[in-house]
Number of protein chains: 2
Amino acid sequence: MQENNKRKNKEGQGGNSLVKRIERQLGQLSRSEKRVAQWIIENVASAVDASISEVAEATQVSQPTVIRFCRSMGMTGFRDLRTHLIAAMQRPDNYLHNDVAINDDTDDAVVKVVESSIRALVDLRTLLSGMPFQAAIDKMVNARQLIFVGLGASGYVARDACHKFFRLGIPCGTALDSQTILQQSAIARSDEVYVVISHMGEWAEMVDGMRCARDRGATIIALTDPVSSLAKVATWVFDCHPPEDTNVFTPMSSRLAQLTLLDGLQIGLALELGEQAEENLKLTKQALFSKWSQDP
Amino acid sequence: MQENNKRKNKEGQGGNSLVKRIERQLGQLSRSEKRVAQWIIENVASAVDASISEVAEATQVSQPTVIRFCRSMGMTGFRDLRTHLIAAMQRPDNYLHNDVAINDDTDDAVVKVVESSIRALVDLRTLLSGMPFQAAIDKMVNARQLIFVGLGASGYVARDACHKFFRLGIPCGTALDSQTILQQSAIARSDEVYVVISHMGEWAEMVDGMRCARDRGATIIALTDPVSSLAKVATWVFDCHPPEDTNVFTPMSSRLAQLTLLDGLQIGLALELGEQAEENLKLTKQALFSKWSQDP
DNA sequence: CATTTTATGTAGTTTAATTACATTATAGAG
DNA sequence: CTCTATAATGTAATTAAACTACATAAAATG
C-alpha cells in the first residue's frame, strides 16, 4: 500500500519525511481531517506558505478542523505544522542519498552514518518547540524518585539517563524488562515519575505497566511515537517517532535524539533545582577527576 | 558511482545560507537593524521559534524595525524571514556552540544542549578522514570475539556497542569494571579485538589491562584522547578528545560522537562481512518486528 | 543654523491563529 | 426504529501576530 508510492519523491514536489508520516496516519483521521491531509500531500509546495484560512478554503473545511488535523499529527498547532513542512522541504532527496548501500566502500558508509546521525539531531531541533520540557521538569522537581523504563536497545538509553539524573542527587531507578516493569508499576505512587523510552510504543507489557502506574497517579513521561498506544497512556509525550526508512544498514540514529533529549531534560532539571543540583554535579565530577589528576 | 557530487548540491550554493547572507550585509544596515542582525546570528536556533515581539524585546528595538530589517535582507516580511531561518537550520553547519548559563530558562537551555550535540557530530565528521576505519574493520572481520571495554559513563557506550555488534552474528562480550577488565585481558588471545572507550584514557587499571592484552597479541582499538596513556598502548586510535569546556551544565555530547563512530564501525564491518551479516541483521530486526505487527 | 534625509518609535489596522461553545452527524442500546 | 451518547464539525468570539501610516528624533548637508 504505502510501498508503491515510495519512489514518488522523484516528482520533486517533495517526497519528504513529513509527507510520509502524514500518509502513514491517513487511516486514523476523520473524514474532514483526511481531506486536509490529502490536500497537503498533493500540494506540499503551496502548503508551506499557505495560511490557515487558505488551507481551510482549499479543502472546504473550517479553520478549527485544520488545527485539529495539526494536533492529530502530533504538532502543537498550525504554526508548528508549517515549521515542519518548511524543514521537510529542505531535503527532497537526501534520504535516498543517506542510505548506506551494499556496495559502498567503508569510508562512504561511515560518512553516511555520521550524516544520518546529524540529521536525526537536526530533526530533533525542529521538534523541540512542541515538547513539554517545562511541564516534565515541574513534575520531576517534586518527585520522590525517577524510574527509567526501556526494553532492548532503548534499555541502554534508559540506563544512560538513569546514570545522568542520579548525579543531581535524585533517587533514580530503572526497569528494563517486562517483569520488572510490571512489578514496579504495580507499586507506583503519585509522587513518582516514570520516564519511558520506546520507539514504537506498542509493547503490550510496557503499555499495560504504564497504564497501571498512571492509574495509581504516577506521572508518565514518554519518549515515543506520538500516535502509539504508549503515548495515549502517557501524561506527557516527547515526539520521538521512529524513522521511516528501515534499510538493514540504517543505524538507529533516533536513539541519539533520545539521549540528547534526555540530556536536555537533565540540564533543565538541574537549572530548576538550582544550587543544590549544581553542587551535586560538581561533586560527582570532582570525584572522578581528582582520582587521576593528582599525579600527572 | 551514484552521484559523486554528494554535498555539492547543498554546499555548492555557497553563501546562500541565510546566516552568511546576513553577515555579508551587516555593513549596509543601520544601527538598530544591525543589532537585530547580530542577535539573530548569535541565536539562530532561538530565533526560529521567536515571534516578532520576542525579537523586538530581545534586541531592544521596535517591532517595525525588525520588519525593516527583514526587508533590508530582501525578505517580504517577518514571516518570510522565519521561513528562511528554519530552512537555514536544516544545515547543521549553521549551529554554533553556546554554553548553558545558570540563568537560562528551560527552553533556551534545551536548545543549547541540542546545538552542542549537533556540533559534536559535525566536529566528528571533520575528523573522520583521519580515522583508521578500514584497519580496524580488517582486524574485526577475522576476530574470534569482540570485547567492548568502558568504565562509568563509557560503560553505557560499550554496552550499546556490544548490543549492536552481536547482531552481526559475531561473538561479543563486555568488560565494564576494573576487575573484569583485568581478568579478561589476562586471557586475551591474538585473534581477539578489544574496543575500548575512555574519555581521558588514564584509568590505571584499564591501561594496564589493555597493555597486557596487547602483549598477548590482541588488537586494541581505542576511542580516546590521542595523547593519553591508553592511546599509546592501543593498536588503532580513534580520536575522541574530551571537550575542552567543562562547565557543570555541559552535557557529555562527546559520547554521542563515540556512539556514532561505533555505528560507523559496525556498518562498515557489516558491509565487509557481506551477505551473512546482512542476513543476520535482517533476522534480528524481524524477530522484534513480527512480534507486534501481526495484529494491528 | 536651517533644511533635507535617514532612522526609529508609537499607535492603530489587518490578518492569522486559537478557543469556547453550539450544532450536526454517527454509532450503539434497547 | 427511536433514543441516547459520543464523536465530528462548524460558528462566533478572543487573543496574539504581523504589518502600516504617521510622527518624531537624529544625522547629514548646504
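Each chain gets a letter, A, B and so on, in the order the sequences are listed, and its residues count up from 1. Every heavy atom of this structure was used, including side-chain atoms; hydrogens, water molecules and symmetry mates were not.
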Spacing of A:E54 atom CD relative to C:dT15 atom P, expressed in whole Å: 12 Å

Non-hydrogen side-chain atoms of B:T83 and A:V48 separated by less than 4.5 Å: no

Nearest-angstrom distance from the residue atom CZ of A:F78 to C1' of D:dT15: 18 Å

Whole-Å distance separating the CG atom of B:L29 from the C1' atom of C:dA7: 12 Å

B:T65 and B:R35: side chain donor to acceptor below 3.5 Å: no

Partners passing salt bridge (charged side-chain N to carboxylate O under 4.0 Å, His left out) against B:R68 (at least two apart in sequence or in another chain): none

Candidate nucleotides D:dG10, D:dA17, C:dT8, ranked by approach to the side chain of A:R68 - the nearest: D:dG10

Spacing between B:R79 atom CZ and D:dA17 atom C1', to the nearest angstrom: 11 Å

Euclidean distance, atom CD of residue A:Q28 to atom P of D:dA8 [Å, nearest integer]: 12 Å

Sugar-phosphate only, base, or nothing, as touched by A:R82 at under 4.0 Å among non-hydrogen atoms: nothing

Out of D:dA18, C:dT26, C:dA16, whichever nucleotide has its closest atom nearest the side chain of A:R31: C:dT26

Nearest heavy atoms of A:L271 and B:A101, plus distance in Å: CD2-O, 3.8 Å

Sub-6.0 Å ring centroid separation between A:Y194 and A:F148: no

Touch class at under 4.0 angstrom, heavy-atom based, for A:R35 against every strand present: nothing

Rounded interatomic separation in angstrom, taking NZ from B:K34 and P from C:dA7: 11 Å

Nearest-angstrom distance from the residue atom CD1 of A:I52 to C1' of C:dT18: 8 Å

Side-chain heavy-atom pair A:S53, A:Q63 within 4.5 angstrom cut-off: yes

Give every donor-acceptor pair under 3.5 Å between a side-chain atom in residues 179-187 of chain A and any protein atom, sequence neighbours left out.
unit_1 : atom_1 : unit_2 : atom_2 : d
A:T180 : OG1    : A:D177 : OD1    : 3.0
A:T180 : OG1    : A:D177 : OD2    : 2.7
A:S185 : OG     : A:I181 : O      : 2.7
A:S185 : OG     : A:L182 : O      : 3.2
A:S185 : OG     : A:G209 : O      : 3.2

Gap between atoms CZ and P, on B:F69 and D:dA18 respectively (whole Å): 15 Å

Contact list for DNA chain C against residues 58-67 of chain A - heavy-atom distance below 4.0 Å: A:Q63, A:P64, A:I67

